[in-house]
Number of protein chains: 2
Amino acid sequence: MTTANALSEERSDNSGSAAQRDRRKRILDATYELAKDGGFDAVQMRAVAESADVALGTLYRYFPSKIHLLVSALETQFSDAQERLNMREIPGDDAGERVIYVLKRLTRGMQGDPQLTEALTRAFMFADASVASEIHAVGMSMTSIVTHAMHGTVPEPDAITEEDVVLARVIGDVWLSALMAWVTGRSTAPETAHHIETAVRLILR
Amino acid sequence: MTTANALSEERSDNSGSAAQRDRRKRILDATYELAKDGGFDAVQMRAVAESADVALGTLYRYFPSKIHLLVSALETQFSDAQERLNMREIPGDDAGERVIYVLKRLTRGMQGDPQLTEALTRAFMFADASVASEIHAVGMSMTSIVTHAMHGTVPEPDAITEEDVVLARVIGDVWLSALMAWVTGRSTAPETAHHIETAVRLILR
DNA sequence: CCCAAACATAGAACGTGTTCCTATTATGGG
DNA sequence: CCCATAATAGGAACACGTTCTATGTTTGGG
């Protein structure tokens, strides 16, 4: 999703210290690249470190575990998506239509990179309490995306009711479960889309 | 789907050499014991093998991975719960009340054994495509439990409508997400119960 | 300019899931 | 009873996440 390739070391023109900056970004880019090709298993810490051209210990200084690394990658992707979506109005005649539109778009995007999605989703699922803050951030993005879609435009904070949040959380739950079913091969892409659509209509009826 | 261990052949000749008795059951029992005390991390394959008094290779013959082992344990627990619930009528005046009753009961049961629940849930979450059939079985039990609760009594197969199944799946999704949030320390037990209750009322309104 | 502290590197080492190998022990058909 | 085959035991070996150690290298305040 991000710039295709910061993997190739771009240290040609800038000598020394310029290449020392942006380790975090290099690491995340390497993570995306490896995940895109081989999924969760291919994101091996030694491989990430080598790809990002940092030492293993440095990788662990930036991300204290493989799960932190992948959930942080997911977090970045989600807040990017949230930002992109916030820039425009969501098409659709009612909340249900708009939410379905947005979720289908999100889902299609993720299904376009199955291995990457598998890596990020499984990390998210496996995360334990130590990753709570990153997971919380992802949840916030998800809720924000859905409430935005429900309202059609970025809502004023005090325009979001208690019920909106409950609805958004439930929709987020369903979306996550559907994504998981797809990632683990228990349902096809069309089935996933259909399940999400049905559930949203049901919840926002 | 009626008996607890549909997977095992459950050899009935249990007299004879006691030590040979049902390795599968010994393994699952050891798994429960270790999980109950120390959660996911404490379920170490060498420890399970030793506890169950089988060789490591034998353990892997019965369960091809730690995830298979734990998801199978979850499967057993779920189909036990399903069986117990099927034996009686569910109290409650409408579908929503009954579903909430059952889910609260289930949730309380799992929260009574936090470490065990953490182990089983995280394994379930982490499972990949190779565990699809076990995961599917868990999903079936879940759906069955919920449709049962919706109807109040074990429904005839043809009394279950398409919509029932959709409702049950959505409820299952929410329940799973709530359980996950609790397991990873992102929400407390009361919050979890409240979220489930709110969501069920919303879905079955 | 100098030095202490923070940051990086390379790589060894360790733990646990998983695989593999060999010898031994049940099992069931003839 | 005997043998072929499968199942099990016991344990070495390997892979990858993670931690640790020893040694530079950068950086910012005096």
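Numbered from 1 within each chain, the chains take letters A, B, ... in sequence-line order.
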Got a list of side-chain donor-acceptor pairs under 3.5 Å for residues 187-196 of chain A, not counting sequence neighbours?
from   : atom 1 : to     : atom 2 : distance (Å)
A:S187 : OG     : A:T192 : OG1    : 3.1
A:T188 : OG1    : A:E191 : N      : 3.2
A:E191 : OE1    : A:T188 : N      : 3.0
A:T192 : OG1    : A:T188 : O      : 2.7
A:H195 : NE2    : B:D173 : OD2    : 3.1

Q: Return no unless some side-chain N or O of A:R23 is found under 4.0 Å from OP1 or OP2 of C:dT9.
A: yes
Q: Check whether more than 12 heavy atoms from other residues, nucleotides or ligands sit under 6.0 Å from atom CZ of B:R169, and answer yes or no.
A: no
Q. So does A:Y62 get a side-chain nitrogen or oxygen closer than 4.0 Å to the phosphate oxygens (OP1/OP2) of C:dC7?
A. no
Q. Side chains of A:M180 and A:S177: closer than 4.5 Å at any heavy-atom pair?
A. no
(Q) Tell me the interatomic distance from A:L59, atom CG, to D:dT18, atom P, rounded to whole angstroms. (A) 9 Å
Q: Whole angstrom is fine here: how far is it from NZ in B:K66 over to C1' in D:dC16?
A: 14 Å
Q) Angle, rounded to 10°, between the helical axes spanning five pairs at each terminus of the helix from C:dC1-D:dG30 to C:dG30-D:dC1? A) 10°
**Q.** Validation row: A:W182, A:T117 side chains within 4.5 angstrom (heavy atoms)
**A.** yes
Under 3.5 Å, N/O pairs linking protein and nucleotides 23-25 of chain D:
none

**Q.** Distance-minimising heavy-atom pair for A:A168 and A:T147
**A.** CB-CG2, 3.9 Å
**Q.** Rounded distance in Å - CZ (A:R24) to P (C:dC7)
**A.** 15 Å
Can you give the donor-acceptor pairs under 3.5 Å from side chains of residues 30-50 of chain B to other protein atoms, not counting sequence neighbours?
from  : atom 1 : to    : atom 2 : distance (Å)
B:T31 : OG1    : B:I27 : O      : 2.8
B:Y32 : OH     : B:A73 : O      : 2.7
B:Q44 : NE2    : B:D41 : O      : 3.4

**Q.** Side-chain H-bond candidate by donor/acceptor type, B:S133 with B:H136, under 3.5 Å
**A.** no
Q) Would a 4.5 Å heavy-atom cut-off, applied to side chains only, mark B:V146 and B:M142 as touching? A) yes
**Q.** Atom pair distance, as rounded to whole Å: CD1 in B:I67 and P in C:dG17
**A.** 10 Å
Q) Between atom CG in B:D128 and atom C1' in C:dT18, what is the gap in whole Å? A) 14 Å
Q) According to the salt bridge (Lys or Arg N to Asp or Glu O under 4.0 Å) rule, which pairs have a member within residues 97-109 of chain B, sequence neighbours left out? A) B:E97-B:R201, B:K104-B:E197
Q. How close or far is atom P of D:dG17 from atom CD1 of A:I27, stated in whole angstroms?
A. 15 Å
Q) Could B:D80 and B:R84 be called an ion pair, given the rule that one side-chain N must be under 4.0 Å from one carboxylate O? A) no
(Q) Distance check needed: D:dA7 P versus B:R61 CZ, whole Å only. (A) 4 Å
Between the protein and nucleotides 10-14 of chain D, which nitrogen or oxygen pairs come in under 3.5 angstrom?
from   : atom 1 : to    : atom 2 : distance (Å)
D:dA13 : N6     : B:R46 : NH2    : 3.4

Q: Select base, sugar-phosphate, or nothing to describe what B:V48 touches, counting heavy atoms under 4.0 Å on all strands.
A: nothing
Q: Compare all side-chain heavy atoms of B:N86 with those of B:Q82 and state whether any distance is below 4.5 angstrom.
A: yes
**Q.** Nucleotide D:dT21, atom C1' - distance to OH of A:Y60 in whole Å
**A.** 17 Å
